[in-house]
There are 2 protein chains.
Amino acid sequence: MTGITAKGLATRERIIEGAAATIRELGVPEATLDAIRARTATSKSQLFHYFPGGRQELLLAVAHHEADRVLSDQQPHLSALTTWDDWQRWRTAVVRRYRRQGRTCPLAVLMTELGRSDPAAQEVTRSLFIRWRRELAAGVAAMQGTTATLDPDRYAGAIIATVQGGVSLLLATGSTRELEDGLDLMLEPLRRG
Amino acid sequence: MTGITAKGLATRERIIEGAAATIRELGVPEATLDAIRARTATSKSQLFHYFPGGRQELLLAVAHHEADRVLSDQQPHLSALTTWDDWQRWRTAVVRRYRRQGRTCPLAVLMTELGRSDPAAQEVTRSLFIRWRRELAAGVAAMQGTTATLDPDRYAGAIIATVQGGVSLLLATGSTRELEDGLDLMLEPLRRG
DNA sequence: CAGAGATTGGACCTGCAAGTCCAGAGTCCT
DNA sequence: AGGACTCTGGACTTGCAGGTCCAATCTCTG
């Protein structure tokens, strides 16, 4: 007796997608419930029916949605980083993904808005970071073989930092140059085995 | 006839400082004019007297203020990066500064709020990035001497990306580990001359 | 088909935050 | 001193966004 039909679930999904799109377009402060309502063709009561916690809960659901996209957009490369060519393909996919996303980072925007007040929101990024690092660390370990000079976990964390920073600069400057240069430099030790 | 006295200027400064503190404490959305008023012991009319553009203009002034702090907090190290020891001291200063700042980045928070709508706000980060990169590039060039294998400008951009990303992860995880590991790896080529 | 519960529409309420205004106090200059 | 300004206090207006509510409709189940 979950009390939710397929139709209801579809509506709920539609709201999340629409809210995500609205946020990408207008930013969190301008993404009012009315704006989301207009885009998703829903009524006030629907919004509060599926997200009883109101705007806060909806934004959190969108944050989850966007966090999942971060990793899935890096697939299938992210889960198969065993050769230098694999790493190069992953690098290319990451750069392309963020170049397309352009000067808007829905997740960052959501976190700066929610993260302060809502512990559940902090958990979203924390979890994203951990899953991401696990995948990269596996790839690092595979490359290093037995002669492990660098702790894969820490190296993976540093790689993620570089991606994050590159994206930040993309937001500020509109260019992916720093992201690309940063990644190339950061991955150099891997190339040399 | 600028029409502003020393007293007025002091008030204006007080408002900016107080607004910056309020934002660090509560975040941009919660930093209402009333909250700023309370902290700075000012009246509505003062806020609009010194910032006719209202809240938007005040936030922009705070962004300028915070952007300047980013670089001044790295001094005097930032402007004297000629030896490996200099770079190490700079690295330490950066890590300490952001560890102290903790899980709040007033500038990032301001930019995600203002950057979308206000071109003047984008110019703040753009200018910060350019000044920052110029200083670091000078340091890189000094280290490389005549045998320049890496373009100092691009290398500097990559270093900034790593700092930015490390700070992002600090905000997400509360740890400076990724910032430190990232910087160590990114600066490694400099150590080897 | 009948009823229970899920789903929907949209009017309504409420609080709050930005911004306006004007009168009064302070200050500078000659 | 006196006039012209800057500066300040705080009441007021306004708009709007979040949230509530109830009645109507749909959709499953038996």
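Please read these numbers as outputs of a predicted model, since none were measured by experiment. Per chain, numbering begins at 1; letters A, B, ... match sequence-line order.
Listed in residue order, the members of residues 10-19 of chain A having a heavy atom less than 4.0 Å from DNA chain D come to none.
Identified under the salt bridge (charged side-chain N to carboxylate O under 4.0 Å, His left out) test for residues 162-172 of chain A, with sequence neighbours left out: none.
Counting to the nearest Å, the P atom of C:dG9 and the CZ atom of A:Arg37 are 9 Å from each other. For the pair A:Leu9 CG and C:dG5 P, the interatomic distance rounds to 21 Å; values are reported in whole Å. Distance B:Glu30 CD to C:dA18 P: 11 Å, rounded to the nearest Å. With rounding to whole Å, A:Ile4 atom CD1 is found 22 Å from C:dA4 atom P. Taking atom NZ of residue B:Lys7 and atom P of nucleotide D:dT6, one finds them 14 Å apart after rounding to whole Å. B:Ile36 has its CD1 atom 11 Å from the P atom of C:dG19, to the nearest Å. To the nearest angstrom, P of C:dA17 lies 14 Å from CG of B:Leu47.
Dashed line: the shortest gap from a side-chain N or O of A:Tyr50 to OP1 or OP2 of C:dT8 is under 4.0 Å. The side chain of B:Gln46 places no N or O atom within less than 4.0 Å of a non-bridging phosphate oxygen (OP1 or OP2) of D:dC7. Using a 4.0 Å cut-off, some side-chain N or O of A:Thr5 falls inside it from OP1 or OP2 of C:dT7.
The salt bridge (charged side-chain N to carboxylate O under 4.0 Å, His left out) test applied to A:Glu25 returns A:Arg39, not counting sequence neighbours. B:Trp132 is linked by a ring-ring contact (aromatic ring centres under 6.0 Å, His included) to nothing, counting only residues two or more places apart in sequence or in another chain.
Under 3.5 Å, the side chains of B:Thr176 and B:Glu180 contain a donor-acceptor pair of N or O atoms. B:Asp68 and B:Ser72 share no side-chain donor-acceptor pair at under 3.5 Å. Looking only at atom types and distance, the side chain of A:Ser43 has a donor-acceptor partner in the side chain of A:Ser45 under 3.5 Å away.
For B:Gln122 (side chain) and B:Gly115 (main-chain N/O), a donor-acceptor pair under 3.5 Å exists by modelled atom type.
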Nucleic acid footprint by protein, nucleotides 17-22 of chain D - heavy-atom cut-off 4.0 Å, B for base, S for sugar-phosphate alone: SBBBB-
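Looking at A:Glu113 and A:Val109, their side chains never come closer than 4.5 Å, going by heavy atoms from C-beta outward.
Chaining together hydrophobic side chains whose heavy atoms lie under 4.5 Å apart leaves A:Leu26 on its own.
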